[in-house]
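The structure appears below as structure tokens.
The figures that follow rest on heavy atoms only: side chains count, while hydrogens, waters and symmetry mates do not. In the text below, chain A, chain B and the rest are named by the order of the sequence lines, each starting its count at 1. In this text, all values refer to a predicted model and were calculated from it rather than measured experimentally.
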Amino acid sequence: MAIQLKLRARLRLDGGGPFATVAGIDVSYDEASRLMFAGVVVMSGNGRQVLETATSVVAARFPYIPGLLSFRETPAVIEAWTKLKTRPDCLICDGHGLAHPRRFGIACHLGLLLDLPSIGCAKSLLVGTHRMPRTRRGSVEPLLDRGEQIGAVVRTRHGVAPVYVSQGDRISLDAAVQTVLDTFGGYRLPEPTRRAHLLVNETRLLAKAGRSGVQ
DNA sequence: GCGACAG
DNA sequence: ATCTTGTCGC
């Protein structure tokens, strides 16, 4: 927690898009082998074409503790990121950024480590309260905590559960929300994130089949 | 002390 | 995160 408090002073909460390329990042986990599978999918800013992908397999060395997610997932992500040949203009994480008890979620941490504008896009709440956004796609409501706005609740698909968007580093909240909507590919999650999720699950299943001796 | 709690 | 089975709506 002390590390988070120290690093958050380095965050820059301004800057904007649009971005020519956006990277989606995700991590899956296999309990039996205690291995983490990280994946990065770099896509065009409109979420229409995949430009590059990279993966990594790393042994888990930190437990999952709410509020300390980055210490568990970041090593595997960095490993996969190193394999990229291109350098994305921005990255979207599967988890929160500023919408965190100490205002330093995994999106903030990765943004600083990778030196890039970063966005947190989570499927569920960690901290904060909010009103439900209207049912139509594009509706947004502020996410509040302790009297301050820490993010936005965004309806990415009509009638589907909203996602929680917050700033990581080097980006304004408006630009973060805009980027999430820009990379929409027809599903609840931004297309880069959704593809990264498919990629890491595929990698995990292949590794599992390999260990069990499937030909 | 009790309940909440990203992935 | 992962697992499991049925149900719901387009």
Side-chain angles (χ1 to χ4, degrees), chain A residues 1 3-4 7-8 24-41 55-80 91-111 113 118-130 135-137 143-146 150-169 173 176 180 185-190 192-209 211-212:
Chain A
M1 291 189 277
I3 291 174
Q4 296 178 323
L7 290 181
R8 75 177 183 186
I25 295 178
D26 196 23
V27 176
S28 66
Y29 176 64
D30 178 55
E31 177 70 64
S33 63
R34 293 190 174 188
L35 290 177
M36 314 207 70
F37 300 81
V40 181
V41 174
T55 61
S56 75
V57 184
V58 169
R61 24 174 165 155
F62 197 92
Y64 167 67
I65 299 172
L68 301 179
L69 177 65
S70 67
F71 295 98
R72 175 178 174 80
E73 299 196 339
T74 280
V77 172
I78 298 297
E79 180 65 26
L91 64 92
I92 300 180
C93 300
D94 63 311
H96 295 98
L98 272 199
H100 176 279
R102 290 169 293 284
R103 308 293 182 260
F104 196 77
I106 189 169
C108 300
H109 207 153
L110 273 177
L113 290 174
S118 60
I119 299 166
C121 181
K123 300 179 292 299
S124 63
L125 214 49
L126 176 57
V127 290
T129 59
H130 66 86
T135 176
R136 73 173 267 294
R137 162 176 161 77
L143 175 57
L144 310 170
D145 185 45
R146 289 185 257 157
I150 58 176
V153 187
V154 183
R155 190 80 72 172
T156 51
R157 277 194 67 178
H158 185 98
V160 170
V163 295
Y164 301 88
V165 180
S166 60
Q167 300 156 79
D169 187 32
L173 180 56
V180 166
Y187 295 84
R188 182 192 180 204
L189 298 179
T193 299
R194 195 181 74 85
R195 299 241 186 180
H197 190 262
L198 293 175
L199 177 63
V200 297
N201 277 324
E202 173 177 296
T203 304
R204 178 171 54 81
L205 291 177
L206 278 176
K208 208 163 184 171
R211 291 198 315 277
S212 67

Base, sugar-phosphate, or nothing for [X], non-hydrogen atoms under 4.0 angstrom?
{"X": "A:L125", "answer": "sugar-phosphate"}
{"X": "A:R34", "answer": "nothing"}
{"X": "A:G120", "answer": "nothing"}
{"X": "A:L68", "answer": "base"}
{"X": "A:H158", "answer": "nothing"}

Under 3.5 Å, which donor-acceptor pairs link side chains of residues 58-68 of chain A to any protein atom two or more places apart or in another chain?
none

### Query
How is the base pairing of DNA chain C summarised as a dot-bracket string, given the Watson-Crick and G-U wobble criteria with both distances under 3.5 Å, [ ] for crossing and | for another strand?
..........
Would you find a donor on one side and an acceptor on the other, under 3.5 Å apart, between the side chain of [X] and the backbone of [Y]?
{"X": "A:T156", "Y": "A:R188", "result": "yes"}
{"X": "A:H197", "Y": "A:V27", "result": "no"}
{"X": "A:S118", "Y": "A:A107", "result": "yes"}
{"X": "A:S56", "Y": "A:A76", "result": "yes"}

### Query
Which nucleotide span of DNA chain B, 5' end to 3' end, has atoms closer than 4.0 Å to non-hydrogen atoms of chain A?
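Listed 5' to 3', the contact boundaries are B:dC5 to B:dG7.
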### Task
Give a yes or no on this: more than 12 heavy atoms of other residues, nucleotides or ligands lie within 6.0 Å of atom CD1 of A:I3.
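Open.
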### Query
In dot-bracket form, how is DNA chain B paired, counting a Watson-Crick or G-U wobble pair only if both its distances are under 3.5 Å and using | for bases paired to another strand?
.......
Please list all pairs meeting salt bridge (Lys or Arg N to Asp or Glu O under 4.0 Å) that have one or both residues in [range], counting only residues at least two apart or in different chains.
{"range": "residues 96-107 of chain A", "value": "A:R103-A:D145, A:R103-A:E148"}
{"range": "residues 155-169 of chain A", "value": "none"}
{"range": "residues 67-79 of chain A", "value": "none"}

### Task
Quick one: list whatever passes ring-ring contact (aromatic ring centres under 6.0 Å, His included) with A:F104, sequence neighbours left out.
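A:F104 satisfies ring-ring contact (aromatic ring centres under 6.0 Å, His included) with A:H109 once adjacent residues are dropped.
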### Query
Listed by chain and number, what are the ring-ring contact (aromatic ring centres under 6.0 Å, His included) partners of A:H130, not counting sequence neighbours?
A:Y164
### Segment of DNA chain C, first to last nucleotide, that comes within the 4.0 Å heavy-atom reach of chain A
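Reading along DNA chain C, I get C:dA1 to C:dC3.
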### Task
Go through the structure and list residues passing side-chain contact (heavy atoms from CB on, under 4.5 Å) with A:I78, not counting sequence neighbours.
A:T74, A:T82, A:L110, A:L113, A:L114
#### Entry: side chain to side chain donor-acceptor pair (under 3.5 Å) contacts touching residues 24-40 of chain A (sequence neighbours left out)
A:D30-A:S33, A:D30-A:K208, A:D30-A:R211
